[in-house]
Amino acid sequence: MDTCACALELLGMLVYVGAWLCALATTLLPQWLTMSTALLPVESYELGLWETCVVQDVGGMECRAYDSLLGLSSDLKLARILMCTALAVGMLGILVAIPGLHLVNSCKEQSGHRAKRTLTIIGGVLGMVSGVLCLIPVSYMAHLAVIHFFDEKVPDVVPRWEFGDALFCGWAAGFLLIVAGLIMVASCSCSQVEPQPVLQRRYQVMGADARKRTEYV
């Protein structure tokens, strides 16, 4: 196995796991959107996928989960579904890619190199799909916040939702998942030109035996 391909595999897997944990944090954090009012500057509000929170300047924070799933807006429902799907696809990609690593003792038969390469490619593709699924709800919620913020029909005194820390965390997770998938696929393209010494030696021995038999005849 080429050293460059092994290094790419390890780098891709580390980025993969880190990006998945970042996506998990994005799903759980309540800071998707934040809002502060000039009438009550000591308090600010935070909106997440699972709960809403009130943050006070003195350091207190009180969160409350949503009462009903059916009462949620379609935006939050879509964001929940896509983020959970992104986490599931990303975890599946990690589980598929781990046996494909050449440092893992698996697939020791003659076709093991091809099987490992296939698993790594599938894991990388799943990582890219997970990254796209993560970017869609984050970008959509940010798009809605921008539209509502610059809505001329709403008076200036009315508070508006702004970007929270979870959105930036989600953007980072999505891009890193895509980068990790590309690195995993690139590691396979580096290793696919690797010769198979065992098969080559077997063919050489078989060719030498055939030549000896023809010489005897």
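- In terms of modelled atom types and a separation under 3.5 Å, the side chain of Tyr16 and the main chain of Met184 share no donor-acceptor contact.
- Among residues two or more places apart in sequence or in another chain, the side-chain contact (heavy atoms from CB on, under 4.5 Å) test is passed with Leu95 by Met91.
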Mind listing the side-chain donor-acceptor pairs of residues 79-88 below 3.5 Å, one per line with the distance, residues two or more places apart or on another chain?
residue	atom	partner	partner atom	Å
Arg80	NE	Leu49	O	2.7
Arg80	NH2	Leu49	O	2.9
Thr85	OG1	Ile81	O	2.6

Mind listing the side-chain donor-acceptor pairs of residues 166-178 below 3.5 Å, one per line with the distance, residues two or more places apart or on another chain?
residue	atom	partner	partner atom	Å
Trp171	NE1	Ser139	OG	3.2

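- Taking CG of Leu119 as the reference point, atom CG of Leu101 lies at 9.5 Å (rounded to 0.5 Å).
- In this structure, Tyr66 contributes its side chain and Leu72 its backbone to no donor-acceptor pair below 3.5 Å.
- A donor-acceptor contact shorter than 3.5 Å links the side chain of Trp32 to the backbone of Thr26.
- Under a 3.5 Å cut-off, the side chain of Thr120 and the backbone N or O of Gly100 do form a donor-acceptor pair.
- Distance check: Glu46 CD to Asp165 CG gives 8.0 Å after rounding to the nearest 0.5 Å.
- To the nearest 0.5 Å, atoms OG1 (Thr34) and OH (Tyr45) are separated by 13.0 Å.
- Not counting sequence neighbours, the partners of Asp75 by the side-chain hydrogen bond (donor to acceptor under 3.5 Å, both in side chains) test are Tyr140.
- The CD atom of Glu51 sits 9.5 Å away from atom CG of Leu28, with the distance rounded to the nearest 0.5 Å.
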